[in-house]
Amino acid sequence: MKKGLIIGSAIAAAILAGCNGGSSDYEYAPVNYDGTAVTAFSLNRNQTVLNNLDSVYFTIDLNGARIFNADSLPYGTEVKELAVTMSTDQVSVAEFTVTRPEKEDTVINYLTSPNQKIDFSNGPVKLLLKSANGEQERVYEVKVNVHKVVADSLYWSRFAVKPLPTTLSAATAQKTVAFKGSAYCLTSNGTAYSLAVSNDPYAADKWQSSQVSFPKAVDAASFTATDNALFILASDGELLTSADGASWSATGSVWKAISAPYGDRLIGIAETNGTLTAVSYPSGVSQTLPSSFPVSGTSAGIPFNTKWATSPQVMIAGGRSSSGTLTGATWAFDGTAWASIGTGLPAAEGYAATRVSICETDTVTWRVTTTEALLAIGGRTATAASRDVYISRNFGLNWKKAADLLQLPPYIPAMSGADLLVFGSTFTPSGVLPKAVKPIEQWEVPVLYLFGGRDEHGSLLPYYWRGAVNHLTFKPLQ
């Protein structure tokens, strides 16, 4: 059994001294908890309710006369019949009063029936303690918190879907990137191009959309952002750049493909007489690439740092080699060269991938912990588009299919070539995401946006979804 955390102590007496140094007629006595303090509280072991139920941690707030588990129990936990173990001062009375709708209160004498089960399903239970001498008494509020939703699930509301922001009536291609704190959504119908920009992607009135002109026809799917510039490949391979997305100019470089941004540099692929070379803009990188390196259909580049490397890294996953072979390998670039670092993803192109905070429940203490992970969604294998979600907890070294709670809901279709972006958002529980347990304040939540992609038939999905990890929408503990 683990003892609860005790908050508070006796408030020191405050004695007001007279202005001329004389004694005051007013004296404030300290709050006296002697004989009425709860020193430990826990639930009894009950495997039929929850494994390790007796390890759930309870806070004891002496000042506020409250006892509660700050980390709520998993969604759906049954709390109608729970026995408790409690330590107190020497008391003459220890009684739990259970209030139930349209029924008489039930009073449980803990001193004579310490193992009697208590119903916590109707909210807080009252605990009355009287000191051994009968001179002090105190009433505590005892509450067993249970999550209202599945805390460690990735939640995509069926109502949190909006059309892609565009000035075009029938877009056939899209690519969305994050650039300087905003989302830049480029759409095309094959002849015209529209660029929409917003620093609050879910607010329809925050998108600023306008048609954009390029010096020549471009491949919208190659649209990419580094730390300080936007880039895109023309249909003939010429690399174009822009500082704002409105005005574009040629760089003088001709590439076969763009691989990933690396800080303020762009890493790509050049081909000379059938030999593939990793190159960069500005120049400085030159590496002959193996035949297995993916030249198209890779995920967006995901930057990261590890304790095993001295320089920042960027990784890509999946794609198709120059011979047309699909791969599920993870490749990482360290500023000098690419290396294949991981496996576990099905061989596919068009993964939507990002780094994001996820929540997982410790099944010993039932606390929900937050960790960083990589997610890869969808993709198209040799036979079909997918809707599976894969996870890596070690920066792409290993991947495995994510738990059911992180999978896409059935109303989001299979897709490939979508863009998965994360933006911080001030969360208010009155929005379309699940309500927090106590919607009192606003707080920052990392929100995922899944833009576009192509369905099983290769047609553009002309909308984007908004999602979040449920636990991160709950009111933070204070």
Side-chain angles (χ1 to χ4, degrees), residues 163-179 182-197 207-226 228-261 265-272 274 276-283 294-301 316 319-322 324 349-350 352 380 415-419 451-455 457-464:
L164 290 173
T166 181
T167 61
L168 306 176
S169 59
T172 58
Q174 81 84 36
K175 182 67 181 293
T176 305
V177 300
F179 181 57
S182 294
Y184 281 64
C185 180
L186 178 68
T187 51
S188 171
N189 61 8
T191 57
Y193 305 91
S194 172
L195 184 64
V197 182
W207 286 99
Q208 301 296 319
S209 301
S210 61
Q211 292 203 15
V212 59
S213 297
F214 294 98
K216 55 181 70 177
V218 298
D219 175 13
S222 67
F223 185 48
T224 309
T226 64
N228 58 13
L230 296 165
F231 294 89
I232 198 167
L233 282 180
S235 299
D236 61 5
E238 187 171 19
L239 182 64
L240 309 179
T241 187
S242 173
D244 56 10
S247 177
W248 292 82
S249 60
T251 63
S253 297
V254 177
W255 289 0
K256 180 180 180 64
I258 292 174
S259 297
R265 300 163 71 189
L266 186 68
I267 313 302
I269 303 170
E271 184 176 14
T272 305
L276 298 180
T277 305
V279 292
S280 66
Y281 182 86
S283 61
V295 299
S296 65
T298 62
S299 73
I316 55 176
R320 194 179 290 270
S321 69
S322 58
E349 59 185 341
R380 180 178 290 275
M415 65 181 67
S416 64
D419 301 305
F451 285 86
R454 298 190 178 276
D455 65 16
H457 308 291
S459 298
L460 177 68
L461 295 167
Y463 41 74
Y464 65 101

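Starting from 1, each residue takes its place in the sequence as its number. All values below come from the heavy atoms of this structure, side chains included, with hydrogens, waters and symmetry mates left out.
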Backbone of Glu271 reached by a side-chain donor or acceptor of Lys256 within 3.5 Å: no

May I ask you to test the Ser322-Leu276 pair for a side-chain heavy-atom distance under 4.5 Å? yes

Tell me which one of Ile269, Ile232, Thr224 satisfies side chain to side chain contact (heavy atoms under 4.5 Å, CB included) with Ile258. Thr224

Roughly how far, to the nearest 0.5 Å, is the OG1 atom of Thr187 from the CD atom of Gln211? 8.5 Å

Test side chain to side chain contact (heavy atoms under 4.5 Å, CB included) applied to Val212 and Leu186, step by step: CA-CA 9 Å; Val212 59; Leu186 178 68; 4.1 Å; yes

What distance do Ser299 atom OG and Glu349 atom CD have between them, rounded to the nearest 0.5 Å? 12.5 Å

As an exercise, state the distance from CZ of Arg454 to CG of Leu460, rounded to the nearest 0.5 Å. 5.5 Å

Can you measure from OG (Ser249) to CG (Leu240) and round to the nearest 0.5 angstrom? 7.5 Å

When rounded to the nearest 0.5 angstrom, what distance separates CG in Leu164 from OG1 in Thr176? 6.5 Å

Gap separating the CG atom of Leu195 from the CG atom of Leu230, nearest 0.5 angstrom: 7.5 Å

How close do Ala418 and Met415 get, counting heavy atoms only, and between which atoms? CB-SD, 3.6 Å

Backbone of Leu233 reached by a side-chain donor or acceptor of Ser222 within 3.5 Å: yes

Please report the shortest heavy-atom distance between Gln174 and Gly417, naming the atom on each side. NE2-O, 4.4 Å

Do the side chains of Leu266 and Leu239 get nearer than 4.5 Å, heavy atoms only? yes

Backbone of Asp455 reached by a side-chain donor or acceptor of Arg380 within 3.5 Å: yes

Can you name the nearest heavy-atom pair linking Trp207 to Tyr464, along with the distance? NE1-OH, 3.2 Å

Looking only at non-hydrogen atoms, find the nearest pair between Pro261 and Ala225 and report the distance. CB-O, 3.3 Å

Take the angle between the ring planes of Phe231 and Tyr281 and call it parallel below 30°, perpendicular above 60°, tilted in between. perpendicular

At their closest point, which heavy atom of Lys175 faces which heavy atom of Ala221, and how far apart are they? NZ-O, 3.2 Å

Using only atom types and a distance under 3.5 Å, with no angle test, would you say the side chain of Thr166 pairs donor to acceptor with the backbone of Ser194? no

Taking the side chain from Ser242 and the backbone from Ser247, do they hold a donor-acceptor pair closer than 3.5 Å? yes

Over all atoms of both residues, closest heavy-atom pair of Trp255 and Ile267: CZ3-C, 4.0 Å

